[in-house]
Number of protein chains: 2
Amino acid sequence: MDTITVPAPADFHVHLRQGDFAQLIVKHVRKGGFKLAYVMPNLKPPIITTDQALFYKAQLEAIDPSVQYLMTLYLSPELTPEEIWKAKAAGIVGVKSYPRGVTTNSDGGIESYEAYYPVFAAMQDAGLVLNLHGEVPSNAATNTCVLNAEHAFLPHLRALHAAFPRLRIVLEHATSRAAVECVRSLGPTVACTITAHHLALTADDWAGQSWHFCKPVAKFPDDRAALQEVIREGHPRFFLGSDSAPHPPHAKATATPDQPCAAGVYTSPILLPLVAHLLESFGALDRLEGFVSTYGRAFYGVPAAEAERGVVLKRASGKLVEERFVSGEQSVVPFWAGKELGWEIVED
Amino acid sequence: MDTITVPAPADFHVHLRQGDFAQLIVKHVRKGGFKLAYVMPNLKPPIITTDQALFYKAQLEAIDPSVQYLMTLYLSPELTPEEIWKAKAAGIVGVKSYPRGVTTNSDGGIESYEAYYPVFAAMQDAGLVLNLHGEVPSNAATNTCVLNAEHAFLPHLRALHAAFPRLRIVLEHATSRAAVECVRSLGPTVACTITAHHLALTADDWAGQSWHFCKPVAKFPDDRAALQEVIREGHPRFFLGSDSAPHPPHAKATATPDQPCAAGVYTSPILLPLVAHLLESFGALDRLEGFVSTYGRAFYGVPAAEAERGVVLKRASGKLVEERFVSGEQSVVPFWAGKELGWEIVED
């Protein structure tokens, strides 16, 4: 098999940034083979109202109108049931919850969920999706740190699903066998995104290597194996959300004694070839269409347009990932810079 | 209590480097309050013969003759029982084992121990100490990575102790509750060093923060608590080995996509005040003398000279750790640069 046609790839978790940086980043959605981007709201300031989301969507469309942007709000105390219905009417798809302080621009993240139950009830009725960054803050008293913050979050996921069984919930960027098993055990309204980079990395890869540092951190080899297995199995509630998260190169490369490097791995511009390469590496290439298109689109209820042509991948040989992408004064280094990928997108 | 006199502090694990860098580093042993340095042999090339160790010792003494340097050899296939006896006669104290590839300059590290049993038998008879970097190489097939590499090493420690019960063995820079419990369960010939930085750090601190990346990596809060508890208890087989490991600032601050940052935390120039500060933070200041002097000296059989004056610490207020130490073209950034320490050394 030397070519694959992938109908309507959809990235159900991506960071597109703002301002000059967005001018460089947004176009990489298409470059990576995708025409649907589920857009994260953790800007500065965060997107907390429908109006902000629509304004941001217009900015993204001005940069590349050929991509379908599905917009989200940032869960915060300002969010009301009324705003949920307004968001629904405006075509906003989901609400993203960040635990306080665990990742980029999450200082306004939530500390407990009960206060949001009226909002979740409205979301359930309106049909909005709850997107969960599934980590709890570190706490030495409970032996919680970045290594088990996801595991410690899973009871919250179970409780939310029990309280709102019709609410569609996505556990984002799962990294552990425990998370996979938890989502698998829950009902059809609970799904899970998996990033490309967590199919490749373990803790060894970010130990001392800031370019591979992201939240949640990659974990044990067996956790990576669990992510690979559930994709190989073709489970329809596990699908791609890249969590592609660009930062300026200096912020990724360098830490000072006072300031760690930025968290995030940038995969957008190579995403579809990368996912094909990775799935093939663990015997799941036949699940590519389901993982990057069908499953997520079915869960979200966003079928591909009938007229949409698929994206064609062909086998590549000696094709190296770009070392850097530059636009004006902006630049960004992709995951696996300089490494070889076994697939490339056939140019239109 | 506003002053403490610590008799004859001894650092039973330190990296003093070579060449121009050593000119800067070696003097920091005294600066940090120590007059005894147990010197690691992982130079380029590694110290594998008695003659090399004596040559290195002379270089160190030329830089600062006021420190007692206890020398070690690097365990490698070249090492013979004959060389062990030669080393013993020359005053060399120990042999350091590095698993292959797990830390700085360990490419020549060991892969299995059975081949070294004749050497260990000679060491047991001669009274040399075996110093173990207690990690196994990562292996996805056995779910081994940096997070559990120490845990997976412990069966090797048990086996070595069972095979050579009279051989003094030190598990170096333990980082986990499992390691503490393992050493505790073994006989009086097995001891354990603990670094200062592992009393302060957890995995959260090196995630994205290259300055805190070292091998073994700091682990869960409960693992840190186990290190603190065994010191608070005053267990005489657990004592200070700083594993102070300097690198040029650019090698610590920066990773490229191809090259991680260097592994190591540099504590030598602030070591005694830092250890006092940390022990006080978890209620173990009364164990300072045992932890930094008595216990290790007893295990190694190197009592303090009767004439040696103690080092006097006094409470400090507003005393900040230096941002950087410079000598000619060499520079190095200490752990906790810019942070406040509660103790300082009284100048002579």
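All values derive from a computational prediction rather than experimental measurement. Sequence lines set the chain letters: A, B, ... in the order given, protein chains first and strands last, and positions in each chain run from 1.
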Ring geometry between H173(A) and H13(A) (parallel below 30°, tilted from 30 to 60°, perpendicular above 60°): tilted
Heavy-atom pairs under 4.5 Å with chain A, option from D204(B), V146(B), N139(B), N148(B) with the top count: D204(B)
Structural part of Q259(A) lying under 4.5 Å from a heavy atom of chain B: backbone
Most contacts with chain B, counted as non-hydrogen pairs under 4.5 angstrom, among V217(A), T256(A), V333(A): T256(A)
Interface residue of largest heavy-atom contact number with chain A, from T144(B), L147(B), D205(B), under 4.5 Å: L147(B)
Choice from P249(B), S210(B), C261(B) maximising heavy atom contacts with chain A below 4.5 Å: C261(B)
Heavy-atom donor-acceptor pair, E172(B) side chain to H133(B) backbone, under 3.5 Å: no
Per-residue contact mode, T142(A) against chain B (heavy atom under 4.5 angstrom): neither
Side chain proximity check, Q228(A) to L199(A), heavy atoms < 4.5 angstrom: yes
More than 12 heavy atoms of other groups within 6.0 Å of H151(B) NE2: no
Whether Y266(A) and H28(A) hold their rings parallel, tilted or perpendicular, with breakpoints at 30° and 60°: tilted
Largest heavy-atom contact set with chain B, pairs under 4.5 Å, which of A140(A), A203(A), A337(A), A207(A): A207(A)
Non-hydrogen side-chain atoms of H156(B) and V136(B) separated by less than 4.5 Å: yes
